[in-house]
Structures are given as C-alpha cells and as structure tokens.
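These notes are about the structure you will find just below.
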Protein chains: 2
Amino acid sequence: MLLTQTAEYALRAMACLACHEGDDPMRSKELADNANIPAHYVSKVMRRLVVAKLVHSKRGHGGGFSLAKAPEDITFLQILNATDLFIEGERCAFGLGNCDHQNPCPLHNAWTELKLCMWTWANQTTLAGYSPDAPEAPEAIKNALP
Amino acid sequence: MLLTQTAEYALRAMACLACHEGDDPMRSKELADNANIPAHYVSKVMRRLVVAKLVHSKRGHGGGFSLAKAPEDITFLQILNATDLFIEGERCAFGLGNCDHQNPCPLHNAWTELKLCMWTWANQTTLAGYSPDAPEAPEAIKNALP
DNA sequence: ACCTTGACGGACCTGTATGTCTACTATAGG
DNA sequence: CCTATAGTAGACATACAGGTCCGTCAAGGT
C-alpha cells in the first residue's frame, strides 16, 4: 500500500467533489457511494478536509460537502497533509538522532530524493486533472512499469 | 510515515550489512544496536530478507547475517518488495473495479505517475550508495524541500 | 412551532502491523 | 560428547489505524 487507506479515501472524495456538477453540496451518502468509502467513515475523512479548509460543509436539510476553492487550486499535497500523511518535515529514515542537511547520514541523500520525488508529485498534481475524458497517460509512463 | 516501520528497519539493516567490514557475519545483536531495531524484532525482519535471498544467515557459534550479493546488485526495490511494500502491481487507488491502461479512470494517470516515481527511485538506488563519506546532496535537492 | 434531514463529534469496537518472549535447532570449539 | 552460541519459528501481547454507532446540533420545509 503506497498510501494509507484514509489518504486514498480523501483523494477519491475530493475527486468526486471536483466532478460534481451543480451548486448544491454533495451529501455524505452520495460521497460514500461514488468514492467507495465506508458510509460511516465518510464523516471522519471529511472532517479532516473541513478542518484543513479544503472543503465546506453545510448542515441540515439540503446540506452536504462542497469544495472550498477551485479544483485547480487544490493540490494533492494539501489533501495528503490534511490526512496525516506528512511528506514535509519527515525525519530521515536512516538518521539515528541528529541527521539533517548539515550532518547527513550515509543514506540521507537517497531518502531526500524519495521525499522530493513524492513531494513534487503531490505538489504539482491538482484536482484540475480530474475529468472523465482526461488524456491517456503517455506511452512512456504506461510501459515503464513492469 | 512514508514507509512502513518494517520496511524502514529492513533498509537500515541492509545498509548496516553493506558497510560491515570483514568476512565474518554480523550477529543479530549488533544489527539491532547499529540499525536501531528492537532486539527481538530483528529476526522477524531478517527472515524476510533471507527468504528473498538478499541475505545469508549462518547458525550456531560464529553465525550471523551477511549480504547474499554485492551491495551494488541490491536495489531498494528488492528490499522493499521483500518487506511486503509492493510497489509493482498495486491496483489503482482511484479505479473502482476495472481500471487499467485500457480503461483508465479519470485519475489513473496521476496514480501511475506516483507509482513510476517511487518505482524508479527504488529501482535505481542500490546499497552501493552506502558509504560513510558519500557526497552531499546537490544543492537543488537540499533547497527544493520546504 | 414542529418535524425531517443531514453534518458533527465523541465513544467504542476491530483487525492488522508491530513488538516480546520462549522453546527449539544447528554449529563451532574444547 | 558436551556446552555455549546464535538463528528459527511460532505463540502471545500491544498499539494504532481503520471502522461503527449514536446522541447532538443546525437548517429548511410544512
């Protein structure tokens, strides 16, 4: 599992909201069905996104969830950080104690590269990419993975 | 947490073995101390690496663990795959049911990119990079992360 | 006003990853 | 042959992410 279950739910939920048409908010039941999240777990996931100000919630009759900003302004990094999967500021996996840029441990570079790789991906990918007719992945990417 | 705890232990243990000098195997107690792994958990971690044929174990008096091949022939990908963190063949986080290259879901490309990013890193990084006097990370990497 | 809808928030349960302990087996050396 | 050493294997314990449940609160509709 590359991401935690909750992070995966959050990404799917945000994608659902991004492609939701109309101005009326989306109810948790709809989210659960469309994003394939356990019905009773939706509120847990969404509350984190509300606290992170990525999503607005509206109570009562006609209530539900809606994006707090334009899809292209919401990066995956923001979503992942809202769900406890902190990429930034993570300690070095190899450093025992004091390991930073000044005192790099032998494998510090490898670790930094991985973080940079994930961080760049998460920071560059936004919900704007969500579209039912998005272009297919380039051949290079399709064939690179075994 | 970017990696699972066990995966992190495995990487550290392999790094310790890679920089271990001499022909005699390294005892589990030494590994536990040097790689900062709970003493009684070392055998659990190492057994996976033994099964994956990345490490040789020797029982009895004078026994211990040693790398099964040259450090430069051991990639992080092999180590991670040995510890249940399968990067390859992972299903798409966004696909609900049938989602592949032929029938990509709207966010399939983003997911593929992340997998490719991690896979490339893991596949290109080997234990050969382990050295107490490895060069520092390029400035670009050092400054890219917030 | 009252009722229905639906998010909020906390208590609580559960399963998996992690960690600990112990009896067993293999090897080397005296 | 006996003993100390050191990995093996599996039972058992624990912590925490994941998941369920329910009472509360807010907003419309009638």
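Labels below follow one simple rule: chain letters A, B, ... track the order of the sequence lines, proteins then strands, and each chain is numbered from 1. As the structure is a computational prediction, the values presented were derived from the model and not from experiment.
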Expected list for residues 41-52 of chain A: side-chain donor-acceptor pairs under 3.5 angstrom, two or more places apart:
from    : atom 1 : to      : atom 2 : distance (Å)
A/Tyr41 : OH     : A/Thr6  : OG1    : 3.0
A/Arg48 : NH1    : A/Asp84 : OD2    : 2.8

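- Applying the side chain to side chain donor-acceptor pair (under 3.5 Å) rule to A/Lys69 yields no partners; only residues at least two apart in sequence or on another chain are considered.
- Look at CG on A/Leu31: it is 13 Å from C1' on C/dG6, rounded to the nearest Å.
- For B/Asn36 against B/Tyr9, the heavy-atom pair with the smallest separation is O-CE2, 3.9 Å.
- OP1 or OP2 of D/dG19 has at least one side-chain nitrogen or oxygen of A/Tyr9 nearer than 4.0 Å.
- The salt bridge (Lys or Arg N to Asp or Glu O under 4.0 Å) pairs that include a residue from residues 53-63 of chain B number zero, where partners must be two or more places apart or lie in different chains.
- Partners of B/Ala70 under the side chain to side chain contact (heavy atoms under 4.5 Å, CB included) rule, at least two apart in sequence or in another chain, are B/Glu72, B/Asp73.
- Partners of A/Phe76 according to the ring-ring contact (aromatic ring centres under 6.0 Å, His included) rule, which considers only residues two or more places apart in sequence or in another chain, are A/Trp121.
- At a threshold of 4.5 Å between non-hydrogen side-chain atoms, the residues B/Met14 and B/Leu67 count as touching.
- B/Ser28 has no side-chain polar atom (N or O) that falls below the 4.0 Å cut-off from OP1 or OP2 of D/dA6.
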Shorter than 3.5 Å, N or O on both sides, protein versus nucleotides 10-14 of chain D: list them out with atom names.
from   : atom 1 : to      : atom 2 : distance (Å)
D/dA11 : N6     : B/Lys44 : NZ     : 3.3

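- Remark: nothing in residues 48-56 of chain A comes within less than 4.0 Å of DNA chain C through any heavy atom.
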I need a per-nucleotide contact map over nucleotides 23-30 of chain C, read 5' to 3'. Cutoff is protein heavy atoms under 4.0 Å; write B for the base, S for backbone only, - otherwise. --BBBS--
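- Close to D/dT8, at under 4.0 Å from its OP1 or OP2, lies a side-chain N or O of B/Ser57.
- For B/His40, there are no side chain to side chain contact (heavy atoms under 4.5 Å, CB included) partners, not counting sequence neighbours.
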